[in-house]
Participant: 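Have a look at this one before I ask anything.
Both counts, for ligands and for their atoms, begin at 1 and track the order of listing. Along the sequence shown, residues are numbered consecutively beginning with 1.
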Amino acid sequence: MRLSRHFLPVLKESPTDAQIVSHKLMLRAGLVRQTAAGIYAWLPLGLRVLRKIEQIVREEQDRAGAIELLMPTLQSADLWRESGRYDAYGPEMLRIKDRHDRDMLYGPTNEEMITSIFRESARSYRDLPRTLYHIQWKFRDEVRPRFGVMRGREFLMKDAYSFDIDEAGARHSYNRMFVSYLNTYARMGLRAIPMQADTGPIGGDLSHEFIVLAPTGESDVFYHANWETSVAPGAVDFDDAETLQAIVSGAVADYAATDEKRDPAREAETGDALRQSRGIEVGHIFYFGEKYSKPMGLEVQGPDGTKLTPHMGSYGIGVSRLVGAIIEASHDEAGIIWPDSVAPYAVGLINMRADDASCAAAADDLYAKLNAAGVETLYDDRDERGGAKFATADLIGLPWQIVVGPKGIARGVVEVKRRATGEKIELSIEGAIAKVAS
Ligand code: ATP
Ligand code: MG
């Protein structure tokens, strides 16, 4: 994409209405704009990041055996009356009336809807186990929307729902999601720590939050120092119950808790290795048994002919919040530093001298070659000073910068800079393409 034809409204000044660094940088780098309190438009660069995160989430859900569908944002209040949550949910639910005076709502979550969809078609124990998911916008009328997309009112969530014939099956589905979450965050360059959590309004008896450490996070967290170096499990056999159980119990055995759950006995055990930080909740998983299936009358025929009530779990990932969380975890004074996996483009190609014909021709040629090699490139071909182009490139944080200048071109070289380290090397055109494509 040529920057001269793009829509990338960067801000020179730091916006005063943003309190935390990710929010400031998302506004400055032209990723989002607020359109109402806690509601954001995703501008082209921000949308590309959102889509990449969404795609990683999708691939890892698919790998863990979950099946994608798409449910609507608007829901009928009647569904929520069946579960008893319509009155219980409170003012966070945006309630709407249609022209026939029917009660509707903008979904804050989808347990009721998925239960009713599954109820209509699942007949026998052979239809289970199943885990279904979608990636869809949610609305929660938060009392205090703040920190940009981190605590919005409208936000994008991946929510998955599992249906199993009994508790043992449901725990297996839960463990499968737990392990796939560790891999999902690792692919985005994040280390997310699973913490035992309260189940809150979703209800149930087994729950973990996944927390990314960041000084600006909203939760106080306590964890074992091992978590600073631990890695994701990588390729695992999701059907192998013992391996999954071992990974999950290994992860949970290391001390990790949010403030409310802080346990002095564990603290004594952990000793010197106890660490305290702030954290951002990027995911939350629940096992809640028959909480929705029972009141909503979801039943299937068991192997012996008797009816059984499926055990369910739900599994959320804050897709739009992750954009902010990744920036909190990866930035410097000059701007964002995108991990390769979620960067809006891999390369920022900078023509130092748009007014120099041979320099412009060389940059155009390199741009065509990068496109042909399948390297996602943002080409700064604007008629601007080199300094302004460097500042923009650092601000928007693409992993690689390739600088084409008249002196280098005369010698047949360009400069390649790695945004994360600042390391610069001179390479031939072919060498530069090979470097960024690797
Ligand atoms: P929080 O405790 O941060 O309010 P929650 O526990 O109410 O979140 P869940 O119902 O667990 O949220 O939703 C699943 C995920 O959706 C959360 O882990 C979080 O990443 C994301 N999420 C929840 N609320 C918001 C919001 N207002 N803005 C952006 N993302 C959110
Ligand atoms: Mg939560």
Side-chain angles (χ1 to χ4, degrees), residues 20 22-23 26 31-32 34 36-40 42 46 49-50 53-54 56-57 61 73 85 88-94 106-114 133-161 174 177-178 181-182 184-185 188 190 192-204 206-214 216-221 257-261 278-288 291-292 313-329:
I20 61 170
S22 60
H23 188 196
M26 286 185 74
L31 303 182
V32 291
Q34 180 170 301
I39 303 179
Y40 289 85
W42 291 80
V49 177
L50 191 68
I53 293 173
E54 190 182 321
I56 291 175
V57 169
Q61 290 291 295
T73 54
R85 276 210 294 183
Y89 210 92
E92 277 197 6
M93 181 185 277
L94 179 63
Y106 194 128
T109 180
N110 287 62
E111 280 80 8
E112 283 78 359
M113 188 178 280
I114 197 76
Y133 76 98
H134 73 161
I135 301 174
Q136 177 63 291
W137 295 91
K138 305 290 185 290
F139 195 95
R140 294 183 186 173
D141 206 349
E142 301 272 355
V143 194
R144 258 199 308 158
R146 55 184 187 154
F147 302 158
V149 300
M150 295 265 244
R151 184 165 297 284
R153 294 199 296 166
E154 189 186 46
F155 58 97
L156 189 60
M157 193 203 285
K158 182 284 300 181
D159 38 325
Y161 304 90
Y174 184 94
M177 279 291 148
F178 185 110
Y181 273 37
L182 295 176
T184 302
Y185 300 121
M188 298 169 196
L190 293 174
I193 308 183
M195 311 254 175
Q196 256 153 12
D198 288 329
T199 49
I202 305 240
L206 176 62
S207 175
H208 288 90
E209 288 173 356
F210 290 77
I211 307 276
V212 170
L213 301 179
T216 50
E218 290 185 293
S219 327
D220 254 317
V221 297
T258 47
D259 202 14
E260 314 83 66
K261 288 269 173 166
R278 308 279 300 170
I280 302 164
E281 181 192 319
V282 291
H284 198 165
I285 62 177
F286 305 84
Y287 161 63
F288 45 71
K291 183 173 155 69
Y292 298 94
S314 73
Y315 314 89
I317 290 184
V319 175
S320 50
R321 178 180 286 183
L322 273 165
V323 180
I326 291 168
I327 297 172
E328 288 294 327

Participant: Any Lys/Arg nitrogen of E111 or K291 sitting under 4.0 Å from an Asp/Glu carboxylate oxygen of the other?
Facilitator: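 Looking at K291 together with E111, the answer is no, because their closest N to O distance does not fall below 4.0 Å.
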Participant: Does R153 come within less than 4.0 angstrom of ligand 1, counting non-hydrogen atoms of the residue?
Facilitator: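 For ligand 1, residue contact (heavy atoms, under 4.0 Å) with R153 is absent.
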Participant: Is there any N or O on H284 that sits under 3.5 Å from an N or O of ligand 1?
Facilitator: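 Yes.
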Participant: Can you find a pair of side-chain heavy atoms, one from Y133 and one from I114, that are under 4.5 Å apart?
Facilitator: no
Participant: Measuring from atom CG of L156 to atom CD1 of I135, what distance do you get when rounded to the nearest 0.5 angstrom?
Facilitator: 7.0 Å
Participant: How close do G283 and Y185 get, heavy atom to heavy atom, and via which atoms?
Facilitator: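 Heavy atoms only, the tightest pair is CA-OH, 3.3 Å.
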Participant: Could you say whether the N/O atoms of E218 and ligand 1 ever approach to under 3.5 Å?
Facilitator: no
Participant: How close do H284 and Y181 get, counting heavy atoms only, and between which atoms?
Facilitator: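 It is N-CE2, 4.3 Å.
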Participant: Ignoring hydrogens, what is the shortest heavy-atom contact between P108 and M93? Give both atom names and the distance.
Facilitator: CG-CE, 4.4 Å
Participant: Using a strict cut-off of 4.0 Å, indicate which atoms of ligand 1 neighbour a heavy atom of V282.
Facilitator: 18 (O), 20 (O)
Participant: Please report whether the ring centroid of Y315 lies less than 6.0 Å from that of F178.
Facilitator: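 No, ring centres 6.0 Å or more apart.
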Participant: Heavy-atom distances under 4.0 Å decide this one: backbone, side chain, both or neither, for R151 against ligand 1?
Facilitator: both
Participant: Looking at E328 and R278, is any side-chain nitrogen of the basic one under 4.0 Å from a carboxylate oxygen of the acidic one?
Facilitator: no
Participant: Could you check if a side-chain atom of F139 sits within less than 4.5 angstrom of a side-chain atom of R153, using non-hydrogen atoms only?
Facilitator: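 Yes, at least one pair of side-chain atoms sits under 4.5 Å.
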Participant: Given F147, F210, F155, F286, which one has a non-hydrogen atom that is nearest to atom 31 (C) of ligand 1?
Facilitator: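 The option holding the nearest heavy atom is F155.
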Participant: Which atom pair, heavy atoms only, marks the closest approach of M195 to I211?
Facilitator: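 In terms of heavy atoms, the two residues are closest at CG-CG1, 3.5 Å.
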Participant: Counting C-beta onward and ignoring hydrogens, is there a side-chain heavy-atom pair between F210 and T184 closer than 4.5 Å?
Facilitator: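 Side-chain contact under 4.5 Å: no.
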Participant: Quick one: does V149 get a heavy atom under 4.0 Å from ligand 1?
Facilitator: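 Right, V149 reaches ligand 1.
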Participant: By number and element, which atoms of ligand 1 are closer than 4.0 Å to a non-hydrogen atom of E142?
Facilitator: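 The list of qualifying atoms is 24 (N), 26 (C), 27 (N).
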Participant: Would you say G152 and ligand 1 have an N/O pair spaced under 3.5 Å apart?
Facilitator: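 Yes, since at least one N or O of G152 sits under 3.5 Å from an N or O of ligand 1.
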Participant: Answer yes or no: is there a side-chain heavy-atom contact under 4.5 Å between F155 and R321?
Facilitator: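 No, side chains not in contact.
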Participant: Would you mind telling me if ligand 1 is within reach of the side chain of E281, the backbone, both or neither, using heavy atoms under 4.0 Å?
Facilitator: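 Looking at E281 and ligand 1, atoms from backbone and side chain both fall under 4.0 Å.
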Participant: What protein N/O/S atoms sit under 2.8 Å from the Mg ion (ligand 2), by chain and number?
Facilitator: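 Checking every protein N, O and S atom gives E281 OE2, H284 ND1.
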Participant: Below a 4.0 angstrom heavy-atom separation, can you tell me which part of R140, side chain or backbone, both or neither, approaches ligand 1?
Facilitator: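 R140 to ligand 1: side-chain contact only, backbone stays beyond 4.0 Å.
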Participant: Could you check whether any heavy atom of G283 sits closer than 4.0 Å to an atom of ligand 1, since that is the contact criterion I want to use?
Facilitator: yes
